[in-house]
Peer 1: 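Got a structure here, written out as structure tokens. Questions coming.
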Amino acid sequence: MDDDERRYEPRALEQKWQRIWAEERTWEVANPGQPGHRSDKPKAYVLEMLPYPSGKPHVGHLKNYSIGDAIAHYRRRNGFEVIHPMGYDAFGLPAENAAIRTGEHPRVSTERSIAQFREQFRAWGISIDWTREISSHTPEYYRWTQWIFLKLFEAGLAYRRAAAVQWCPTDATVLANEQVVDGRCERCGSLVEPRNLEQWFFKITDYADRLLADFDLLEDWPDNVVTMQRNWIGRSEGATVVFRCEQLELDFPVFTTRPDTLFGATFFVVAPEHPDLERLAAGCANSDAVREYVAAAMRTSTGERAAESRDKTGVALGQTVTNPVNGEQIPIYVADYVLMEYGTGAIMAVPAHDERDFEFAQRFGLPIRRVVAAASESEGQREAPLEAAFVSHSEHDVAINSGQFSGLPSPEANRRILDWLGESGRGERSVNYRLRDWLISRQRYWGCPIPIVHCERCGLVAVPEAELPVPLPEVDDYKPKGKSPLAGAEQWVAVECPSCGGAARRDTDTMDTFVDSSWYFLRYLDADNGEAPFSAEAADHWMAVDQYIGGVEHAILHLMYARFFTKALADIGCLRVQEPFTNLLTQGMITRDGAKMSKSVGNTVSPATYVERYGADAARTYVCFMGPPERGGDWLDEGVEGVYRFLRRLWTLAVEVEQRTERGDSAQLAGAAGPARDLLIKTHWAIEKATHDFDRGFQLNTVIAATMELVNAAYRCKNGLYDSPAGAAALRFATATTASLIFPFSPHLGSEVWEMIEGGRVWDQPWPRADPEILSVERFELVVQINGKLRDRLSAPSGSDRDALFELARASPKIAEQLADKEIVKVIAVPDKLLNIVVRG
RNA sequence: GCCGGGAUGGUGGAAUUGGUCAGACACGGCCGACUUAAAAUCGGCUGCCCCCAACACAGGGCGUGAGGGUUCGAGUCCCUCUCCCGGCACCA
């Protein structure tokens, strides 16, 4: 064959294998009951987070799918029936905002982008079962998103209520709590404003405890993700204590985590949004000032109000409540540092033991009474005025100035006070969460319509299942105007009430796109099902996702919502698992020149460019070689080139080995000696190293390094091996093994080299196994240390005991010299590794 | 402030979990071979310092953010500190 034709040409080679995989439908798997279903193999569900299709895929996608594909291949080769599907999170704001600018329908731009993504995934050679492809914007998909919404509605988990919500003025929509970062819209950065609106919520708070408890069901999730979710849910144990306003005959329950500080409560604060505020203010002399304060608080943006540097503000209400532990009358204030959304919207203020209350008390000249002290403090220290709030959770603290509880250790005071309150019905143990219900209404166009009809007579009426999907109507104007663009589709909005038949109107909001992605991993399992979102049989077989791979930016939002959906669907009876993702790998971000890639900085990397120049194999292998998957890394063109050079070296080696050796002489391996045996050992070493690193948290970078070492070893010895049968066999074995080990990263080249050397399909081959016999050596290099310092290396027989090793070491001139006139204190031996002689003198 | 994760050559990162002078593999750099030449390719060297007129060899010392500790032995375990990254934060 002509030399030119034997050059490494990734493009032609990659196209060849991609064609074979498409024609032979290599990566398709069948459900139970379908022809071709493999009940003989264990299943593995390998899934990467689905992409939001905008423009073309970027390097983050390349990394995500390269890692996922390597894992999918590795599982397949280890005997698993792997389901590895793909889809698109196609609804969303960017496409809609583009539509407002360009006038092009979001469906058109989205579908163009989907085509580009699909095309790139094929060009990358990702092993996807394309028969399961879904896209969340299609009626076939969102019909079932609506169906699930209705099930949640029936179960009381979807409800509508008026609430103070966070409004983004730029995107002209409300946002979920999770989408507000530092008081700003996560997406566009605008300061969000408080608004009182009636909105749809999902009752995720009902699941708070299960979301926490079921972390135990997960096998391997990164600690930081679990911690972030824990913090987000923010469970705190404490008590609800009732303070009564005698004048108005009103009870005010408050939540506290520190019942032991009750005797230190010297005033009481309610949030500006508190529903009883008007009644409290009505009779008091200050009522104008109160109303003014409340109005100002309502105008202040959420972020501004939360700013820590801000001085405490508030207004006295001129009323008092009774402290249930000592009957004291303490004044009531309204202040915006108390949040209506947390607890009961009212607090008992204990300035001596809470920084915020302390600050407020100082500003308003309120008494500060100390009720907790460290056990070590003297009487004098305990009586001295506080410079700052004494906030401590030590078990060694004691209660002081606390009536009959004075002198008790704080934990006990806590218990006793609670019991005592409970007996008289003035308080009880309770739990509070930071987590709020998930606000899912969006006043935007490009999303899944909410399948509810508003009827003046019947109220909220579910669209009957048979009428799903409620189609997303065509509109002329996408511009958000404070209400959903869907409201402009008058014909669509006007509808008969499914319940009474009278004139009614459709809900014109669309759902948060996180709803779409909270169940997509279930639709893959049964993507063509026209009767249900998925069959119980398919879900029972494939769920849960054994390995999920995606960006850590979804640690809270997507991952918590999907966990909630899974539990809710299980409760409704659709699903038998409690957790969707058993193992999670969060990949690190790829930067360029040390900075996050962004169009405005102009440091983006287009994978397509590199795939064209170096091939998909080089690009994929490079992103896996940069470092451990969960770490980030800086993209270097030289790095891709380095991997490309390695692949080309493998190719060149394979061509040479194929030309200069004969197939089928593997029996010769048994007799290998000298360099041939060394190469054989190196090959088994590489197999063991690769397998070990794959199994230990997918250390993909070192798997690749092992294959590089093997190729380097083959290059160093190959010219001396061609002439002997054993040498030739060792070279063939090393080359084919490299192909086999690199296949999960470079599937095209791996397939090609395997075919050249061994014939057939590498993906049908089981993952290679290292032969322990070959790896166990008869002799090893003994390291001899004296007082922990290396002094000599000797060849020693494997399995020698301590005494034998010591005798051997003493025979060495270097060691003998070191040991002269020294007293041997101790000899430590590590079998087949080292000997440490401890001496004195 | 609280929680989580880090800090290893010029660079990305290795180190089989307390055991072979730490630095695999790769990038970058230097040198050589091939070539009229360059590119490509192949091969070699590449932590710092000392000893030496210089080269080579051999040798010695120091090195995993800083300091201390445990141990025969520490990048790995413990304590203190510094810095960096991520998350949460007026949540009672």
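These figures come from a predicted structure and were not determined experimentally.
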Peer 1: Between A:Glu656 and A:Lys718, is there a salt bridge with N-O shorter than 4.0 Å?
Peer 2: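 Between A:Glu656 and A:Lys718 there is a salt bridge, with a charged N closer than 4.0 Å to a carboxylate O.
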Peer 1: Give me the distance, rounded to whole Å, that separates B:A24 from B:G75 when you measure between the C1' atoms they each carry.
Peer 2: 15 Å
Peer 1: Please determine, by modelled atom types, if A:Ser236 and A:Thr257 share a side-chain donor-acceptor pair under 3.5 angstrom.
Peer 2: no
Peer 1: What nucleic acid atoms does A:Asn712 come within less than 4.0 Å of, heavy atoms only: base, sugar-phosphate, or nothing?
Peer 2: sugar-phosphate
Peer 1: At 4.0 Å (heavy atoms only), tell me whether A:Thr652 reaches a base, stays on the sugar-phosphate, or touches nothing.
Peer 2: nothing
Peer 1: Separation of A:Leu741 atom CG from B:C25 atom P, in whole Å?
Peer 2: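 Answer to the nearest Å: 17 Å.
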Peer 1: Any N or O donor-acceptor pair linking the side chain of A:Asn836 to the base of B:C72 at under 3.5 Å?
Peer 2: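 Answer yes: a donor N or O sits under 3.5 Å from an acceptor.
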Peer 1: Any side-chain N or O of A:Gln699 under 4.0 Å from OP1/OP2 of B:A15?
Peer 2: yes
Peer 1: Using only heavy-atom distances, determine whether the side chains of A:Tyr644 and A:Asp617 contain a donor-acceptor pair under 3.5 Å.
Peer 2: no
Peer 1: At under 4.0 Å, does any side-chain N or O of A:Thr702 touch on OP1 or OP2 of B:A24?
Peer 2: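 Answer is no, no contact under 4.0 Å.
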Peer 1: Specify the glycosidic conformation (syn or anti) of B:U35, with syn defined as within 90° of 0.
Peer 2: anti
Peer 1: Between B:U16, B:C88, B:G43, spot the one nearest the side chain of A:Trp232, thanks.
Peer 2: B:C88
Peer 1: For atom P, what is the distance between B:A56 and B:C48, given to the nearest Å?
Peer 2: 15 Å
Peer 1: Measuring from the side chain of A:Asn224 (C-beta onward, heavy atoms only), which nucleotide among B:G4, B:A14, B:A24 has the closest atom?
Peer 2: B:G4
Peer 1: Measuring only the P atom in each nucleotide, how far is B:C81 from B:G1? A whole number of Å is fine.
Peer 2: 12 Å
Peer 1: Counting Watson-Crick and G-U wobble pairs whose two distances are both under 3.5 Å, find the runs of 3 or more in a row that involve RNA chain B.
Peer 2: B:1-7 with B:82-88, B:10-12 with B:25-27, B:28-33 with B:41-46, B:47-50 with B:59-62, B:65-69 with B:77-81
Peer 1: Less than 4.0 Å between a side-chain N and a carboxylate O, is that true for A:Asp693 and A:Lys689?
Peer 2: yes
Peer 1: Measure from the side-chain heavy atoms of A:Arg696 and tell me the nearest of B:U17, B:C72, B:A92.
Peer 2: B:U17
